[in-house]
Amino acid sequence: TAHSDPNPNHVYFNSRGIWATYVIFIFITHFIVLSIPFISMALAWTLTCQIHNVITYFWLHWEKGAPFEPLDQGESRTLTHWEQLDDGVQFTANKKFLLVVPIVIFLLTTFYTRYDQIHFLVNALSLVLLAIVPKLPQLYRVRIFGINKW
Amino acid sequence: MSVEHEEQFEPTPYVVAIITYIGYVMLAVFGHMRDFLRNHGFEKNLIATEPARTKDFVPLYQNFESFYTRNLYRRIRDCWNRPIRTCPGAEFELIDRKSPDHGWSFEYPGTHTRAINFGSYNYLGFAETDGPCADAAAAATETFGCGVGSPRAEAGNLDLHTRLEATVAEFVGAEDAIIFPMGFATNALNMPALIGKGCCVLSDELNHSSLVLGARLTGAKIKVFRHNDIADVEAKLRDAIVYGQDRTRRPFKKILIVVEGVYSMEGSVTRLPELIALKKKYKAYLYLDEAHSIGAMGPHGRGVVDYFGCDPRDVDVLMGTFTKSFGGAGGYIAGSQHLVALLRQRSHSGLYGASLPAPVAAQVVTAFQMLMGRAGPPGEGARRLKQLEVNTQYFRASLHRLGVIVYGHRTSPVVPVMIFMPGKIAAFGRETLKRGLGTVVVGYPATPIIESRARFCLSAAHSLDIIDRSVQIIDEVTSLLLMKYSRRPPPAWTAGITREWAEAQLKLVDQQRRPHGAANGGPVPRRPVECRGDPPDKVADENDAAVKDNLAAVAAAS
């Protein structure tokens, strides 16, 4: 790479307009779900919340390594994308943003589902387990029961 | 005019950035889909896979790491590694290839394409098959043979090498120089000989991977500063001096600032006068990698030190390569007698690697002699330097007027033109080749994700007609691909740069055919030791005092 940082995954999330693109993708997903005729409003919002949490879980906390060969001699092969962002530094602006977005979606979803119990339970579980717990600094490089270690 | 006013890096337009990201995400989605189809047998799988008997072993390679190569690069890989069948001068002939299966394999129909060469680092046009350099290389092959077969310390020291070292030292303005057969190794394997653990390396963000590898091999503490940001360098220098090493807080033994003269991916120029002032103030050392600027910048071609009018003795380690401007291979390090003597003893590359082969050394020596006016037709060196300078400014000005985003400094012969979107990378490469222009396109991950670009390397071998034709081709292609993103007016310095200006400049050199002054191998006129922040006024015109002197000298001598 032309940059002395051997893995571009560390820095690309600081690029111009990437936060806006992330939000735009969420909007696009939401509109696609909303345009399916037989889904109610509450179900649409819950679906958006679930789809978002599942996809971001796979993108940030399951897939390890980089889609190209970085020059770091394999240091990032066992790291998930979340752990590679900003080279492992915690509490950066990017990490705060990525933590806040699922919470905001959850709050909007609870509003639009009119605080229905089952919807709330399902959304809260997916928020906590898939979106919040993996992002905590205490779980940096932790693999529970060795799942997804290599 | 200061350096800042002559270079620009127009930021990516916001909407373009968003569309670029969406493009990459779509490519990733399709890539995953196609991988799924291939892995489950719905689509022919042409990827190299492990044999069945090793399926239960730990996998050799991570499948994900080759995702980009498999799904993005492979589909457009006809834009890179194009085989050529002639000397890569101003124009070259490419062997045509077609891919019937989207990049998995190539067929060769046997035809050739003649194209303008903007991909080779041929700044002074020394990539030629005849001329004094080629004759010297042939003569050296007859005397010494092709290879050397030994490191310099054993039996591989030819008198050619000693002559080349003396020539390099004189050209660059240093006390002594040492040469190495490989440019990358010059950086990577000599930094460990100069610094070690307990030292600090301040390295520019965009330094070449040879410098990064060299810094890592030393074992020193590496601090990376933002590109060309002198305030950042000063802040990190002060931190290094005040806080010392990491846990022990002992002072660093040496602090080395590592920068390049011209950065080849951006076309930007380092802030040499400020760095020299900084290093003198804080007693640090300066390592200047002039791979792309030696021979290509400066009124006498002596690199970025010459361009700013600084004293070469102020830079502690002057490194450069022979690959770009001199048509050879290998690199050199020049500096004080003491430094070079140390490197002769301690350099890993110099002691263990074979030395520079004789024909290459002869080619490079002759190229240097031509630049100093001691070989070849009279005034040839000055002519090449002037042609490169005129070509660079004319090309850049024309591109600015087209409305594309061009990065870099006004006099840098590396011209990046921004493409941004991944689909357009391949389209630009292919469309320009169809119209007879061969250029290099670069995308993520070699560049930042929203800054993919096409990179043009100007050469003294290009004539003004070639440049006009290329600008026309680029105009066509960028209109077709909607690549004219620039929202700023062309910069102020492009105002007077026209074809007439270029021809007038070149005629000026023709008038100075009688070699004199620096082109005669004499001492390069140097500015006083404390170098100013402003570079010398750019292109000489009839009113320039030096030109007037020269013309007077020519008139007096004739």
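Reminder, nothing fancy here: chain letters follow the sequence lines and each chain counts from 1. Only a predicted model underlies this, so the values are computations on that prediction, with no experimental measurement involved.
- Heavy atoms of other residues, nucleotides or ligands lying less than 6.0 angstrom from CD1 of I118(A) number 12 at most.
- For chain B, the nearby part of F25(A) is the side chain; its heavy atoms alone come within less than 4.5 Å.
- Centroid-to-centroid, the aromatic rings of F68(A) and Y73(B) stay 6.0 Å apart or farther.
- When heavy atoms are compared at a cutoff of 4.5 Å, D204(B) approaches chain A solely by way of its backbone atoms N, CA, C and O.
- Y444(B) places a side-chain heavy atom less than 4.5 Å from the side chain of P8(A).
- One distance of note links CD1 of I450(B) with OG of S15(A); it measures 5.0 Å at 0.5 Å rounding.
- Atom CZ of F31(A) sits in a sparse spot, with 12 or fewer heavy atoms from other residues, nucleotides or ligands closer than 6.0 Å.
- For the pair I18(B) and G17(A), the tightest heavy-atom approach, listed with the atom from each and the gap, is CG1-O, 4.0 Å.
- The two residues A17(B) and R16(A) come nearest to each other via the heavy atoms CB-O, 3.6 Å.
- Annotation: side chain of E69(A) is not in contact with side chain of P445(B) (no heavy-atom distance under 4.5 Å).
- Ranked by non-hydrogen atom pairs under 4.5 Å with chain A, the options T69(B), L211(B), I22(B) are led by I22(B).
- Neither the backbone nor the side chain of V442(B) comes within contact range of chain A; no heavy atoms are under 4.5 Å apart.
- When all heavy atoms of R216(B) and P6(A) are compared, the pair lying nearest together is NH1-CG, 4.2 Å.
- The 12-atom threshold is not exceeded at CZ of F30(B), counting heavy atoms of other residues, nucleotides or ligands nearer than 6.0 Å.
- Counting non-hydrogen atoms of neighbouring residues, nucleotides and ligands closer than 6.0 angstrom, the CE atom of M26(B) reaches no more than 12 such neighbours.
- Neither the backbone nor the side chain of I28(A) comes within less than 4.5 Å of any heavy atom in chain B.
- Applying the salt bridge (Lys or Arg N to Asp or Glu O under 4.0 Å) test to K236(B) and every residue at least two apart in sequence or in another chain returns D232(B).
- When all heavy atoms of Y21(B) and T21(A) are compared, the closest pair comes out as CD1-OG1, 3.1 Å.
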F64(B)/K64(A) under side chain to side chain contact (heavy atoms under 4.5 Å, CB included): CA gap, chis, key distance, verdict: CA-CA 8 Å; F64(B) 192 43; K64(A) 296 191 298 296; over 6 Å; no
